[in-house]
Undergrad: 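Take a look at this one; I'll ask things after.
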Amino acid sequence: MQHSRRQFIKVSALGATGAALTVPAVAKGYSFFGKKEPFKGNSGVKKVPMYCEICFWQCAGWTHLDENDKIVSLSGHEDDPHCNGRLCPRGTGGIGMYEDDDRLKTPMIRKEKDGKQYYAEATWDEALGHIADKMNGISKKYGPEAMALISHGSGGKFLSPLLYGYGSRNNVHPSYSQCRGPREAGFEATFGTGVFSPEPTDIKNTRCLVLIGSHIGENMHNGQVQEMAEAIDNKAVIITVDPRFSTAASKSKYWMPIKPATDMALLLSWMHVLIYDDLYNKKYVDKYAEGFEELKKHVAPYTPEWAYGETGLEPEMIRKTAIEMASAAPATIVHPGRHVTWYGDDSQRARAVAILNALLGSWGKKGGFYFYTKASVPSYPLPKFPKAKWTWKDVIGTSKYPLANEGVVNAVVDASHPTNASPKKVKGWIVNGSNLITTLPDTKRTIEAINELDLLVVIDTMPAEITGYADVVLPECTYLERYDDLRVSRHRVPTIALRMPAAKPKYNSKPDWWIAKQLAEKLNLGHYFPWDDIEEYLDYKLKKAGSSLAEMQKLGVKVLDRPSSDPLYLEDGEDYEFYTENGKIQLYSHEFEYLGFDPMPKYTKHPQPEEGFYRLNYGRAPMHSFTRTVNNPRLMDLMPENGLWVHPKVAKEWDLSSGQEVWLKNQDGIVSSFPIKVRITERNRWDTVYMVHGFGRSDERLTKGYGKGISDTELMSNVMIDPVMGGTGMRGNFVTFLTEKPVPAPTV
Ligand SMILES: Nc1nc2c(c(=O)[nH]1)N[C@H]1C(S)=C(S)[C@@H](COP(=O)(O)OP(=O)(O)OC[C@H]3O[C@@H](n4cnc5c(=O)[nH]c(N)nc54)[C@H](O)[C@@H]3O)O[C@H]1N2
Ligand SMILES: Nc1nc2c(c(=O)[nH]1)N[C@H]1C(S)=C(S)[C@@H](COP(=O)(O)OP(=O)(O)OC[C@H]3O[C@@H](n4cnc5c(=O)[nH]c(N)nc54)[C@H](O)[C@@H]3O)O[C@H]1N2
Ligand code: SF4
Ligand SMILES: [Mo]
């Protein structure tokens, strides 16, 4: 029986359940939109370089040790442009990830006895041997292409050569298909280049910053928050478009409480005003762009009066904000956003944002978008990888998601799902640092796909929900206990950052590079890991880049000179070819047209909630990162659960009081596994409810996070796929309140 083959295993915590550690001043020295004092660490006698893994801003910093070599604190690296010497509250609380008693402690293999499945502790040799046997079996039966790697974070770096050497190219990331994918597609079609991370937004020099659902300040991407504080000090105009009065909205001159799902109407009407009121940057557009006449005709009907009917935003406010943007241009940023998989037409919305920036002339301009640079660090030379005969693209059809330039996780789910009738099937997943059960919408489909797999390997630090479905669980040590590949980031200046262990791996956990190399050896693929250990690997690369491991162990971050041949901005009137087909910014996209998509973004009406239902809105909190931190002893102290933002009018209708527990039921009848406490606030439009993503952990091994608040993901059964790049739109789900505990209680 294939479908019951993989029971979700809830083993009780292997060790004693540790009492939550209370540690003061997690966020010491960090004041949001305020004080700029770097936090230098506590009483450390020794400091070791690291870069943070609590989110993907990857701030570089130091791990401070006391005289007994005990880790005492973390601090930001003074020379690092990602953090300027300050970590965010999550980064400072990163020690909690290392300390957490609930961590995975030893490899485990799924076994079955008397019809009951359980995890048996295993040695690394047994666990990796078991994986190699299974992978060899998959290769024999379906071809090596039937394996996939799903990763987020640093670990993918070492597992990728393993996957490629094995003969598969199914390398996919939720940070693309569930996050920034649509904006990469939209900006690439317009400017010929994606946005990438960190975003090259010149926020500190901007005079007008437009945030469309980017909740910087709750979205704690460190350097951006700091630069926004600087922009505010410099009296930049902030315009925030958000149905919720976000922290960013509270710092804004204009808060535009848009009706959710109607942003495209606003973007088109802004274009209308800029063009028809002659406010756009004519010199820039004439010199660098093509398709202006088509765009002008296209946006003619999209007046602010028309947009008012869709968005609920006063025409006067739409005009005023367009004038603000134009008067500050080109030092204006219409922020591309980051998590942009919202309504399924997201690449088109990102195109609209890109076109607005083009009309304002901000791409390549001071206070707009700068041209990033990157240190040149050669890769370690490896033998040629074998060719893969097919990938997930061939399974879903090569004409689908034509502009997906990175791997689409949901397409791999489709390629593993029982509905895949093609002989090409993905039968094995290695999941590293991604909690797919809480990360992908439509959980039911994810689990159906998992049930078809011959092998699911999960490499994690915590007993995250996804580990309960694994055939083999491998405990990785945390980022404070390991080396990783170098951080070579895109920024204003080229930098290289080192992460090195500040402590021995706790329990029987191992670093990812070691896991990948050992598994490669078991698969006779050792030649793709031709170095003896990671220090040799890093030293080789660093020497090629003009440094060395010894130097980096002292420096932590090396800041290189930006060559003068690679300027940060365009000069006025400078000749410049964009990376598009003909060197011009594409206001009208021939590529989109050729692929069967609208060459210029159009407005699509999206469904609005029915009577008694509210749109499920979600976002970030400054002290948590997804599920990554929702068990972290230090950060749980700061925010132990999520609450449900409800407008007072709605609370009155439902007779809800603040702090009352409710369960939520979505449009498909799915009921939340746990209750959530109501928080009555006018900071939220009446037609939506809001919660922070990452809570409602459902694995009892997570002793501090289990059952605290609820999970937004389990209520997302409606997914709107972006046809351009395959992103999963998650914002079309509607919920209603259950004020009594549902009977029968939902099964977690
Ligand atoms: N419902 C809903 N879904 C979302 C989002 C949302 O807001 N709501 N946001 C989307 C976005 S923007 C993104 S980027 C994705 C992120 O999705 P994921 O990348 O899946 O993020 P996390 O939930 O942080 O899961 C990360 C897992 O990595 C583990 N981990 C942490 N550190 C390490 C390590 O050093 N090594 C290893 N091996 N594992 C580690 C954690 O324990 C956790 O289980 O989710 C997307 N999905
Ligand atoms: N503290 C913290 N910071 C983080 C992360 C984290 O986990 N914790 N994760 C990082 C990651 S991977 C990402 S991708 C980013 C995500 O952060 P962002 O890209 O900034 O934001 P989103 O999650 O897309 O959007 C959340 C905001 O969109 C608003 N919103 C909802 N619906 C609509 C709508 O229809 N229109 C408009 N205009 N607004 C709407 C919500 O009210 C909310 O304020 O955050 C990053 N920073
Ligand atoms: S923004 Fe915070 S959590 Fe993210 S890398 Fe920097 S310090 Fe770490
Ligand atoms: Mo993300």
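Just so you know, ligand 1 is whichever comes first in the structure, and atom 1 is the first atom listed for that ligand. This is a predicted model, so every value here is computed, not measured.
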Undergrad: Counting N and O atoms only, with roles assigned by atom type, does the side chain of Thr206 sit under 3.5 Å from a partner on the main chain of Ile203, one being a donor and the other an acceptor?
TA: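 No; judged by distance alone, with no hydrogens or angles, the pair does not exist.
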Undergrad: Taking side chain to side chain contact (heavy atoms under 4.5 Å, CB included) as the test, write out the residues that go with Met500, two or more places apart.
TA: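 Only Val48, Pro49, Tyr483, Leu498, Gln553 meet the side chain to side chain contact (heavy atoms under 4.5 Å, CB included) criterion with Met500.
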Undergrad: Could you list the residues that satisfy ring pair (Phe, Tyr, Trp, His ring centres under 6.0 Å) with Tyr98, not counting sequence neighbours?
TA: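 Ring pair (Phe, Tyr, Trp, His ring centres under 6.0 Å) list for Tyr98, sorted by chain: empty.
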Undergrad: Using the side chain to side chain contact (heavy atoms under 4.5 Å, CB included) criterion, which residues pair with Ser197? Sequence neighbours excluded.
TA: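 For Ser197, the residues satisfying side chain to side chain contact (heavy atoms under 4.5 Å, CB included) (neighbours in sequence not counted) are Arg338.
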Undergrad: Taking non-hydrogen atoms only, is Glu714 closer than 4.0 angstrom to ligand 1 via side chain, backbone, both or neither?
TA: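 Contact part for Glu714 vs ligand 1: neither.
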Undergrad: Quick one: which ligand 1 atoms are inside 4.0 Å of a heavy atom on Asn432?
TA: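 Every atom of ligand 1 under 4.0 Å from some heavy atom of Asn432: 37 (C), 38 (N).
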Undergrad: Any carboxylate oxygen within less than 4.0 angstrom of a Lys/Arg side-chain nitrogen, looking at Arg679 and Glu641?
TA: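 Salt bridge between Arg679 and Glu641, a charged N being under 4.0 Å from a carboxylate O: no.
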Undergrad: Given His339, which partner from the list Phe56, Tyr176, Tyr618 fulfils the ring pair (Phe, Tyr, Trp, His ring centres under 6.0 Å) test?
TA: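 The single option meeting the ring pair (Phe, Tyr, Trp, His ring centres under 6.0 Å) with His339 is Tyr618.
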Undergrad: Determine whether any heavy atom of Met97 lies closer than 4.0 Å to an atom of ligand 1.
TA: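 It does; at least one heavy atom falls under 4.0 Å.
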Undergrad: Do Tyr690 and Tyr614 have their ring centres less than 6.0 Å from each other?
TA: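 Ring-ring flag for Tyr690/Tyr614: false, centres at least 6.0 Å apart.
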Undergrad: So, does Asn642 use its side chain to make a donor-acceptor pair with the main chain of Phe695 at under 3.5 Å?
TA: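 Side chain of Asn642 to backbone of Phe695: no pair is present.
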Undergrad: With a 3.5 Å distance limit and no angle check, can you tell me whether Asp460 reaches the backbone of Pro475 through a side-chain donor-acceptor pair?
TA: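 No, Asp460 side chain to Pro475 backbone: no donor-acceptor pair under 3.5 Å.
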Undergrad: Any idea which atoms of ligand 1 are less than 4.0 Å away from a heavy-atom of Met462?
TA: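 Result: 42 (O).
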Undergrad: Any idea which atoms of ligand 1 are less than 4.0 Å away from a heavy-atom of Ala464?
TA: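 Once the distances to Ala464 are compared, the set is 44 (O).
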Undergrad: Below the 3.5 angstrom mark, is there an N/O of Thr478, backbone or side chain, next to an N/O of ligand 1?
TA: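 In this structure, Thr478 places no N or O atom under 3.5 Å from an N or O of ligand 1.
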Undergrad: Using a strict 4.0 Å cut-off to heavy atoms of Arg482, name the atoms of ligand 1 that fall inside it.
TA: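 This gives 34 (C), 35 (O), 36 (N) as the contact atoms.
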Undergrad: In plain terms, say whether Asp100 and Arg103 are close enough for a salt bridge, that is, a side-chain N and a carboxylate O under 4.0 Å apart.
TA: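 A salt bridge is absent here (no side-chain N lies under 4.0 Å from a carboxylate O).
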Undergrad: Salt bridge (charged side-chain N to carboxylate O under 4.0 Å, His left out) between Arg499 and Asp484: does it pass, once the steps are laid out?
TA: CA-CA 6 Å; Arg499 171 188 285 165; Asp484 254 304; 2.6 Å; yes
Undergrad: Can you sort out which atoms of ligand 1 are near Thr438, meaning under 4.0 Å from one of its heavy atoms?
TA: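 Taking each heavy atom of Thr438 in turn, ligand 1 has 3 (N) under 4.0 Å.
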Undergrad: What atoms of ligand 1 come within less than 4.0 Å of a heavy atom belonging to Thr713?
TA: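 Within the 4.0 Å cut-off of Thr713, ligand 1 contributes 1 (N), 2 (C).
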Undergrad: Can you list, by chain and residue number, every protein residue with a non-hydrogen atom closer than 4.0 Å to ligand 2?
TA: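 For ligand 2, the residues that come within the 4.0 Å heavy-atom cutoff are Arg90, Cys179, Ile212, Gly213, Ser214, His215, Glu218, Asn219, Met220, His221, Val241, Asp242, Pro243, Arg244, Ile258, Pro260, Ala261, Asp263, Arg338, His339, Trp342, Tyr343, Asn617, Tyr618, Arg620, Ala621, Pro622, His624, Ser625, Phe626, Arg731.
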Undergrad: Tell me whether Asn435 has any N or O atom under 3.5 angstrom from an N or O of ligand 1.
TA: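 Yes; at least one N/O pair falls below 3.5 Å.
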